[in-house]
Amino acid sequence: VQLQASGGGLVLPGGSLRLSCAAAGRTSRTGTMGWFRQPPGKEREFVAAFRWDGSSTNYADSVRGRFAISRDNAKNTGYLQMNRLEPEDTAVYFCASTMRNLITSSRAIPSYYDVWGQGTLVTVSS
């Protein structure tokens with residue numbers, strides 16, 4: 001599987017962006033996709049994740065209620081809809097994938113993911 005993330009850019013505070021992550025070569029019906037971000041000068045942090053079987057999603061406290069994660073199984077693509085963006089959301093956003101159906105408590109741990117996309121930069125600034 002190879003991941004291709006896209007959709008980043010410059011947006012005003014309060015604006016919206018939608019990131020996409022296409023999973024080329026994915027054939028399994030199981031697995032988990034996660035979104036992480038790395039703000040300038042900071043560590044990588046968990047944003048959101050879903051299981052391809054649709055059983056559940058989870059979010060970091062900092063984005064819950066503003067961001068929404070979704071998927072299109074037919075296109076093997078995951079999405080991260082980001083609303084009410086804040087300057088603190090500025091970061092390089094990465095999507096990651098594993099064939100395992102991760103339980104909720106494991107989805108925020110980067111080492112559980114096997115494949116990572118190249119990252120897409122989101123800048124929130126006036």
Non-hydrogen side-chain atoms of Val122 and Leu19 separated by less than 4.5 Å: yes

Is there a side-chain contact between Tyr113 and Arg107 in this structure, where contact means two heavy atoms from C-beta onward sitting under 4.5 Å apart? yes

Does the side chain to side chain contact (heavy atoms under 4.5 Å, CB included) test come out yes or no for Asp114 and Arg100, once each step is laid out? CA-CA 9 Å; Asp114 308 307; Arg100 292 172 288 181; 3.6 Å; yes

Is there a path of hydrophobic side-chain contacts, each under 4.5 Å between heavy atoms of I/L/V/M/F/W/Y residues, joining [Y] to [X]?
X	Y	answer
Met82	Val11	yes
Val124	Phe67	yes
Leu102	Ile109	yes
Val115	Met33	yes

[X] [atom1] to [Y] [atom2] distance, which is reported to the nearest 0.5 Å:
X	Y	atom1	atom2	value
Asp89	Ser125	CG	OG	12.5 Å
Ser97	Leu3	OG	CG	5.5 Å
Cys21	Trp116	SG	CH2	10.5 Å
Ile69	Tyr79	CD1	OH	12.5 Å
Leu17	Gln81	CG	CD	8.5 Å
Phe94	Glu45	CZ	CD	11.5 Å

Write down the atom of [X], the atom of [Y], and the distance for their closest heavy-atom approach.
X	Y	answer
Val47	Val63	O-CG2, 3.5 Å
Val92	Gly119	CG1-CA, 3.9 Å
Trp52	Asp72	CZ3-O, 4.2 Å
Pro13	Ser126	CD-N, 3.8 Å

Arg44 to Phe36 six-membered ring, cation-pi geometry met (6.0 Å, 45°): no

Donor-acceptor pair, distance only, cut-off 3.5 Å: does the side chain of [X] make one with the backbone of [Y]?
X	Y	result
Gln118	Gln4	no
Thr123	Thr90	no
Thr120	Tyr93	no
Arg64	Tyr59	yes
Asn101	Gly31	yes

Checking side chain to side chain contact (heavy atoms under 4.5 Å, CB included) for the pair Ser20/Lys75: CA distance, chi angles, key distance, verdict? CA-CA 11 Å; Ser20 300; Lys75 296 181 179 179; over 6 Å; no

Quick check: are there more than 12 heavy atoms from other residues, nucleotides or ligands sitting under 6.0 Å from CD of Gln2? no

